[in-house]
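The next block holds one structure in the form of structure tokens; read it before the comments.
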Amino acid sequence: MNQMQGSGFKSRTFFCAAQLFFGEEIWCKPVFPLVRKANRNDNRHLFLPCILADSHKSSKSEEKHKHKEHKHKEHKSKDRDKNREKSKHSSSSSKNHSNSEHKDSSEKKHKDKEREKDKDKIHSSGSGSGDRIKKENGFTSPPRIKQEPNDDYTSSIKVEKKPMKRTREDDDVDFKPKKIKLEDLKKAKKRKSEMVTKCLIIFKQQLGSILKSWEGFERKWEEERYTDGVKWKFLEHKGPVFAPPYEPLPDKVTFYYDGKPMKLSPQCEEVATFFGKMLDHEYTTKDIFRKNFFKDWRKEMKPEEKATITDLNKCNFEEINEYFKAQSEARKQKSKEEKLKLKEDNEKLLQEYGYCIMDNHKERIANFRIEPPGLFRGRGNHPKMGMLKRRIRPQDIIINCSKGSKVPPPPTGQKWKEVRHDNKVTWLVSWTENIQGSIKYIMLNPSSRIKGEKDWQKYETARTLKKLVDKIRAQYREDWKSKEMKVRQRAVALYFIDKLALRAGNEKEEGETADTVGCCSLRVEHINLHAELDGQEYMVEFDFLGKDSIRYYNKVPVEKRVFKNLQLFMENKQPEDDLFDRLNTSILNKHLQELMDGLTAKVFRTYNASITLQQQLKELTNPDENVAAKILSYNRANRAVAILCNHQRAPPKTFEKSMQTLQTKIDAKKDQIGLARRELKGAKVDYKVKRDEKCRKSVESKKKALERLEDQLMKLEVQATDREENKQIALGTSKLNYLDPRISIAWCKKWEIPVEKIYNKTQREKFAWAIDMADEDYEF
DNA sequence: GCACAGACTTAGAAGCTCGGGG
DNA sequence: CCCCGAGCTTCTAAGTCTGTGC
């Protein structure tokens, strides 16, 4: 029944439950209450963008449309003209729609004034677009029934009790068949009492597990959720781990300027090493990178250095590069003992700084190390690549912890920038980074209660969307006909977000980041309309750079109305103009918020990813196949989602090589098969001639050998296809962020696949909540 | 209603580890 | 035993979205 054996999870939950019951400290993962099941049936079909061989890099960094305002007016009047003819149709159908909406929505009073204002010039029945849908999932925090037993948690945290273990010697003594002396008797007695204690513990654990299944018991966890944005009541930690100080280069490593050796000041040298280390990277050949680096490097130079070093092209970092390569090689070559020592030191650091106490739980911290200084590596065509990321010092750091806790001491002789006690946020440490001026945080690991709960909540919102999605789709289809440009644009954008799982697309500050877009920020140049393409009507060809400058390329057939709308949106616009000039993410999300509590653009991505996985699993899993084949099906379902979400990766550097090795293996196998065939033929001839038992057996065995070889070949070929299909597709992101883990857990339980085959240790920790609550017939 | 700060999630790459095959 | 590569872990950039103040 339990699929989690070997994962260590089972015992952990038991431990947890027992402790809870017996009022001891809780130092383990949270247990979440069970949730009710969602209804079935979703008829959304798959839409898979085709992934191109290379991601391109946009070279454009032109100035954006300054005359938006002017254009708005132009478009508005045109829009009105165009719509005049359609108005009859539109108003009648929107009335229908309004009726149907009315039935379902229970709160009509929350009408938005703005919306009314927007629509003043038009139709009678505003189509009920903004009707608030009653909240259904109910995961706002319930009122706290019970007071936290110990709100002002003192820092006298009990460490896990030493296990009642004895040393090996004791045991050895006990097992010697000696005469029973008084001492032995004492020992035996002691052992007996320890056995009793052990039994008691086991009993406690089992009792805990029984209690765990009692729903009311589990609800205790819910009580821990706070209201009013409070995230915790107690928080104590050891502060961050700073990057190690700079170690100057040994004298034998020389930097050359214009062919002449030059000794650099430590400050200047450190920055030089950042560049030297990266010499093998493509970055260092890029003009922007070099320019930015050189500018920032010069700021770190002493006046004499600044006077001498005026041209980066005359700098020779070769020896620095060699030095670091040798260092990394030496690290690899270290002896077992040295490596073990290093590992232990690391572990010690982790034990000391890698955990914190948050509300009775010892929680793992995600990133307790401060980012070391270095050169900024933006993604894609980033205007700031190569800039110096400066070293973070204690006086840059803000510490967040609870009032009654032990504040982590800053390094001797130094001070924190600030110590605050803000329990409405989840971070422990923050600082401001110097490249974009944004704030960086130290937060908890995904396995923590605070992250797990949020994650669960995310999927619950997506499930709520599932219940309403038909209605929302009907609504945006209706809005394609709206007389208002704003509404039409919103409806078409939402259609793309829903159908193609595009991101919302916030506006970005120009020149600060790479030129990438999402749905709302698409520009005319990013789409191409084809009345007919590849034998299909009304095709839209997307080609743009999305998050992380990953190229999105897709040819999609759309409905005629969408097509016509796009033509309208593009009229009289320059390629660099916004496609949806009357829309931004704020407008869109405000609208979505009115349709469903908690609904934002990204919920569609979560919903569509999860529902796709569920459908694909149903479709692809063959009950008769073995575990390996089923896992292949799972991976295929996962891949379908990754394709939908456009999760790409650079083909692994070793890809070609490893493919080649595999191909060699395949070829060798084919040769073997050819040989085996010939041998079989020969044996058959022999048998025909001689007709004896020996020959018959020989034929049999040769036949078997051939079959085995053919089987092996097939497996290799499947492996090759699988690898080829995965060449540019990253499965991890969707697995970690978009797929409701309960779907996978349920699938595992249903087909008796060990969860470990689907989720590794870290993933199981992150999804502990789901492993705990999903049964085999869970429906997203 | 807009800009901006802040908080938090999502993302791919780089670095590291460990197990299987030669 | 060693080497290689897949898979795991770590790192931090780049998004989304909310709240606030003008």
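So you know, we letter chains A, B, ... as the sequences are listed, proteins then strands, and number each from 1. Everything numeric here is computed off the predicted structure, so don't read it as measured data.
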Strictly by modelled atom types, are [X] and [Y] linked by a side-chain donor-acceptor pair under 3.5 Å?
X         : Y         : answer
Asn646(A) : Gln648(A) : yes
Asn445(A) : Glu765(A) : no
Gln593(A) : Asn589(A) : no
Tyr323(A) : Asn321(A) : no
Gln351(A) : Glu347(A) : yes
Asp515(A) : Asn381(A) : no
Lys508(A) : Thr516(A) : yes

Between [atom2] on [N] and [atom1] on [X], what's the gap in Å once rounded to a whole number?
X         : N       : atom1 : atom2 : result
Leu428(A) : dC8(B)  : CG    : P     : 11 Å
Asp597(A) : dT18(C) : CG    : C1'   : 14 Å
Arg331(A) : dT17(B) : CZ    : C1'   : 15 Å
Lys339(A) : dC2(C)  : NZ    : P     : 11 Å
Lys231(A) : dA7(B)  : NZ    : P     : 9 Å
Ile398(A) : dA5(B)  : CD1   : P     : 14 Å
Asn584(A) : dC4(B)  : CG    : C1'   : 14 Å
Asn346(A) : dT17(B) : CG    : C1'   : 13 Å

If you look at every strand shown and take non-hydrogen atoms under 4.0 Å, does Tyr441(A) touch a base, only sugar-phosphate, or nothing?
base

Mind checking Ser586(A) for me? I need base, sugar-phosphate or nothing, with any heavy atom below 4.0 Å counting as a touch.
nothing

[X], [atom1] atom: more than 12 neighbouring heavy atoms under 6.0 Å:
X         : atom1 : answer
Lys757(A) : NZ    : no
Lys339(A) : NZ    : yes
Lys384(A) : NZ    : yes

Indicate yes or no: at least one non-hydrogen side-chain atom of Ser402(A) is less than 4.5 angstrom from one of Asn423(A).
no

Contacts table for residues 730-741 of chain A: side-chain donor-acceptor under 3.5 angstrom, sequence neighbours left out:
residue	atom	partner	partner atom	Å
Ser734(A)	OG	Asn638(A)	ND2	3.2
Ser734(A)	OG	Leu731(A)	O	3.1
Lys735(A)	NZ	Ile758(A)	O	2.6
Asn737(A)	ND2	Thr733(A)	O	3.2
Tyr738(A)	OH	Arg605(A)	NE	2.9
Asp740(A)	OD1	Arg742(A)	N	2.9
Asp740(A)	OD1	Arg742(A)	NE	3.0
Asp740(A)	OD2	Arg742(A)	NE	3.3
Asp740(A)	OD2	Arg742(A)	NH2	2.9
Asp740(A)	OD2	Tyr778(A)	OH	2.6

Contacts of Tyr634(A) that satisfy ring pair (Phe, Tyr, Trp, His ring centres under 6.0 Å) - sequence neighbours left out
Trp747(A)

When Tyr283(A) and Ser430(A) are each assigned the nearest nucleotide of DNA chain B, the 5'-most assignment goes to Ser430(A)

Return whichever of Lys332(A) or Tyr738(A) has its heavy-atom-nearest nucleotide of DNA chain B closer to the 5' end.
Tyr738(A)

Looking at Phe542(A) versus Phe496(A), is the centre-to-centre ring distance below 6.0 Å?
yes

Nucleic acid footprint by protein, nucleotides 12-17 of chain C - heavy-atom cut-off 4.0 Å, B for base, S for sugar-phosphate alone
SSBSBB

Base-contact (B) and sugar-phosphate-only (S) positions in nucleotides 3-8 of chain C, heavy-atom cut-off under 4.0 Å, - elsewhere:
--SS-S

Pairs under 3.5 Å (N/O, protein and nucleotides 18-20 of chain B):
residue	atom	partner	partner atom	Å
dC18(B)	OP1	Lys343(A)	NZ	3.3

Taking only N/O atoms, report every protein-nucleotides 20-22 of chain C pair under 3.5 Å with atom names and distance.
none

For dT9(B), does OP1 or OP2 lie under 4.0 Å from any side-chain N or O of Lys458(A)?
no

According to a strict under-4.0 Å criterion, is His281(A) in side-chain N/O contact with OP1 or OP2 of dA14(B)?
yes

